[in-house]
Amino acid sequence: MGYELTAEGKKYAKIGLPEVRLLKLKSPIDIREARRVVPELNIAIFWARKQGWIEIRNGKIYILKRPEVPEQSGLERIARGEKVDEDLTKRLLARGLIKEVRKVGKIKELTREIIKKNLWKGSTFTSYNIQIIGKREYPGRVHILTYWIRKIREIFFDLGFQEAEGPLVESAFWNFDALFVPQDHPARELAATFYMKRPKRARIPKGLAEEVGRTHEDGGVTGSRGWQYRWDRKKAEQTVLRTHTTSVSARMLSQLKPPAKIFAIGKVFRNETIDYKHLPEFIQIEGIVVDESVSFRDLLGYLKEFYTRLGFRKIRFRPAYFPYTELSVEPEVYFEEKGEWLELGGAGIFRPEVTQPLGIDCPVLAWGLGLERPIMLRLGLRDIRNFYYRNDLSLLREAKWQ
Ligand code: PHE
């Protein structure tokens with residue numbers, strides 16, 4: 001806050017306050033004579049008499065004291081932009097000789113107050129370099145995998161699928177036996193599968209388990225030869241971290257009535273050595289189409305449609321083998337960065353040894369696809385470990401995945 005002189009204040013700063021000019025006259029002096037020299041004589045008399053500097057007798061002014069008048073030097077100091085004490089400031093304000101001014105330097109930001117009080121008048125504005133790059137802000141974002149999971153769910157909902165889920169800690173029965181994976185299959189070995197110490201045993205469906213067992217042994221109701229070995233219920237009761245979401249499909253098949261289209265997206269676990277394309281835990285996108293009228297061509301069509309919607313053009317299908325499907329394929333996309341084809345998962349038509357014991361008597365198209373690999377390709381990442389182990393915030397901040 002500062003003060004400046006009013007018009008009257010400026011005048012008196014220049015010619016002297018009325019009482020100051022009065023005190024400079026001879027004493028005594030005739031009132032009329034004094035008024036000729038000091039036209040504001042009434043003001044001069046008012047203040048000088050108040051202070052006891054003058055007396056008036058018989059039409060004459062008698063000057064009793066000729067002191068320094070602090071108001072006069074106060075005006076001069078304020079005119080020079082100096083400060084005066086509070087008491088004097090109050091008196092000058094009361095006499096209307098000075099007024100408050102808000103000091104405005106260079107205006108940086110035009111506020112409501114500056115406009116309302118006309119403070120911008122006569123001020124200059126700070127100039128801005130509008131070319132300069134501002135500070136980057138990083139608002140919260142969903143994780144890349146969350147984003148894509150949501151997108152993929154939308155794709156399957158669009159195609160008329162329903163979503164299912166199942167437990168991460170699964171019985172060997174749903175993870176392997178129901179899928180006609182023989183009990184001595186290498187995929188079941190410790191080197192490939194994580195077994196749980198607790199719970200040691202899982203509850204598996206009575207009757208159905210034995211039905212599945214007979215299919216393993218000699219084909220059971222299916223009329224095939226089966227695997228020709230002695231099936232062990234105890235092995236089916238072992239608990240594992242599910243190695244694929246195909247366990248969810250097996251569970252669904254035991255419950256549903258055709259026709260049905262079901263998908264599941266979830267974590268799976270494998271005892272893998274970590275490298276740029278392998279993780280011991282990753283996410284799979286599982287799907288089944290249970291319908292009297294579908295064929296292998298439909299399976300390729302669904303897969304192609306899915307990858308096209310994800311934005312891939314260059315895909316191919318390789319013949320493959322799984323204990324639970326025939327025909328079987330592995331969809332692959334070309335990985336430009338590494339100059340190689342990358343396997344994206346597996347697919348096929350479930351064998352009767354899988355479907356019949358579960359009570360299904362029509363074709364079942366099935367697939368289990370990796371989630372991280374295609375996303376890694378979409379984002380131009382060279383290494384799948386980025387998603388889980390690098391904790392590299394810039395991946396989330398900079399990724400243009402939307
Ligand atoms: N379960 C297979 C895997 O994890 C994929 C698959 C699912 C293959 C369904 C055929 C049918 O690799």
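We count ligands from 1, going down the list as the structure has it; atoms in each ligand are counted the same way.
Checking only distances, Q284 does come within under 3.5 Å of ligand 1, N or O to N or O. Of the polar atoms of T246, at least one N or O is found under 3.5 Å from an N or O of ligand 1, judged by distance alone.
Checking E353 against S224 by side-chain atom types alone, a donor-acceptor pair falls below 3.5 Å. Neither side chain, E281 nor Y388, offers a donor N or O lying under 3.5 Å from an acceptor on the other.
Nearest to atom 8 (C) of ligand 1 among the protein's heavy atoms is G346 C, 3.3 Å. Protein heavy atom nearest atom 7 (C) of ligand 1, with residue, atom name and distance: G368 N, 3.2 Å. Nearest protein heavy-atom neighbour of atom 12 (O) of ligand 1: R270 NH2, 3.8 Å.
The one candidate from L64, L25, L23 that meets the side-chain contact (heavy atoms from CB on, under 4.5 Å) condition with I54 is L23. Of the options L371, V268, L369, a side-chain contact (heavy atoms from CB on, under 4.5 Å) to Q284 is made by V268 and by none of the others.
Here is the list of ligand 1 atoms found below 4.0 Å of a heavy atom in E286: 7 (C), 9 (C). Applying the 4.0 Å criterion to heavy atoms of A366 picks out, from ligand 1, the atoms 9 (C), 11 (C). Listed by atom number, the atoms of ligand 1 under 4.0 Å from T325 heavy atoms are 10 (C), 11 (C).
Here Y324 has side-chain heavy atoms under 4.0 Å from ligand 1, and that is the only part of it that gets that close. At a 4.0 Å heavy-atom cut-off, ligand 1 does not touch S328 at all.
Under the 4.0 Å criterion applied to side-chain N and carboxylate O atoms, E210 and K206 are not assigned as salt-bridge partners.
Atom CD of E326 sits in a sparse spot, with 12 or fewer heavy atoms from other residues, nucleotides or ligands closer than 6.0 Å.
Looking at C362 and V290, their side chains come closer than 4.5 Å, going by heavy atoms from C-beta outward. Side-chain contact between L381 and F387 is present, with heavy atoms from C-beta onward closer than 4.5 Å.
Within the structure, the closest approach of G345 to ligand 1 does not fall below 4.0 Å when heavy atoms are considered.
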